[in-house]
Amino acid sequence: LGRYSDALEIQEPLVETSKQVLGEHHPDTLIRIMNLSIRYANLGKYNEALQLGEPLVETSKLILGEWHPHTLNSMSNLAWTYSALGPHKKALELQANVFSLQSQILGEHHSDTLTSRSNSRFASDFAIQRPACRAVGHYNGIITILHVSPVQAYKCGRPASHAELT
């Protein structure tokens, strides 16, 4: 638990081996790349996560299809990476797209759809009300707020005043 650096030491060579043995476009390789991207994000290595996440989403769409659960998970993870790095508009648009697709595929009451709805609302509120705060990770709908000063952390936990929003 929480031994992300140790996991990274295992996952990096695993991805390379998977590419060599199964091929870059094999579904198992794509899952391993997604897991490696998540691990980078867990360690605060958002640029590395982004370098894996963006091409992963495109490849997943081509190989598995936009409606495939692994593609949707990759899109959601990329949205969180965008959120951590600051392009909140991209994060909001991508997370809203994931929610829309999951609603159509799984139905509005499926647990994955409900999580996406929650993530979309959180991302929207977060981007509008808390531009100084950074949502940098999530796991099963649990959001982690990091890299903020004590003053910013205080502001993240309470409603914003009109003066703070302008």
Self-check item: Which atom of Leu52 lies closest to which atom of Ser37, heavy atoms considered
Solution: CD1-N, 3.9 Å

Practice problem: Answer yes or no: is there a side-chain heavy-atom contact under 4.5 Å between Thr17 and Leu22? | Solution: no

Self-check item: Inter-residue atom distance Leu50.CG - Leu56.CG, 0.5 Å rounding
Solution: 11.5 Å

Quiz item: Tyr4 versus Gln11: any side-chain heavy-atom pair under 4.5 Å?
Solution: no

Quiz item: Nearest heavy-atom pair of Ala41 and Tyr46: which atoms, and what distance?
Solution: O-CE2, 3.4 Å

Practice problem: May I ask you to say whether Lys90 pairs ionically with Glu93, meaning some side-chain N is under 4.0 Å from a carboxylate O? | Solution: no

Practice problem: For the residue pair Glu12 and Tyr40, confirm or rule out a side-chain donor-acceptor distance under 3.5 Å. | Solution: yes

Quiz item: Going hydrophobic residue to hydrophobic residue with side-chain gaps under 4.5 angstrom, can you get from Ile63 over to Met34?
Solution: yes

Quiz item: Is a side-chain donor-acceptor pair under 3.5 Å present for Gln104 with Ser100?
Solution: yes

Self-check item: Minimum side-chain heavy-atom gap Leu78-Tyr82 below 4.5 Å
Solution: yes

Practice problem: Test Thr59 against Leu64 for side chain to side chain contact (heavy atoms under 4.5 Å, CB included), laying out the working first. | Solution: CA-CA 8 Å; Thr59 302; Leu64 304 173; over 6 Å; no

Exercise. I would like to know whether Asn77 and Val57 meet side chain to side chain contact (heavy atoms under 4.5 Å, CB included); could you show each step before the answer?
Key: CA-CA 9 Å; Asn77 291 331; Val57 166; over 6 Å; no

Quiz item: Does one hydrophobic cluster hold both Ile31 and Trp80, with members joined at side-chain heavy-atom distances below 4.5 Å?
Solution: no

Quiz item: Any donor-acceptor pair under 3.5 Å linking the side chain of Ser74 with the backbone of His70?
Solution: yes

Quiz prompt | Distance (rounded to the nearest 0.5 Å) between Arg3 CZ and Asn42 CG | solution = 14.5 Å

Self-check item: Heavy-atom closest contact (Gln102 atom, Leu72 atom, distance)
Solution: CG-CD1, 3.6 Å

Quiz item: Would you call Met75 and Asn97 a side-chain contact if the rule is heavy atoms closer than 4.5 Å?
Solution: yes

Practice problem: Output the distance between atom CH2 (Trp67) and atom CD1 (Ile105), rounded to the nearest 0.5 Å. | Solution: 5.0 Å

Practice problem: Give, for atom OG of Ser76 and atom CG of Leu94, the distance between the pair rounded to the nearest 0.5 Å. | Solution: 7.5 Å

Practice problem: Keeping to residues at least two apart or across chains, list the salt bridge (Lys or Arg N to Asp or Glu O under 4.0 Å) pairs with something in residues 23-51. | Solution: none

Practice problem: Could you tell me whether a side-chain N or O of Thr71 sits under 3.5 Å from a main-chain N or O of Ser60, the two making a donor and an acceptor? | Solution: yes

Practice problem: Keeping the roles fixed (side chain from Ser83, backbone from Ala79), state whether a donor-acceptor pair exists under 3.5 Å. | Solution: no

Quiz item: If you measure from CG on Asn35 to CG on Asn73, what distance do you get to the nearest 0.5 Å?
Solution: 10.0 Å

Practice problem: Measure the spacing between CD1 of Ile33 and OG of Ser18 and express it to the nearest 0.5 Å. | Solution: 7.5 Å

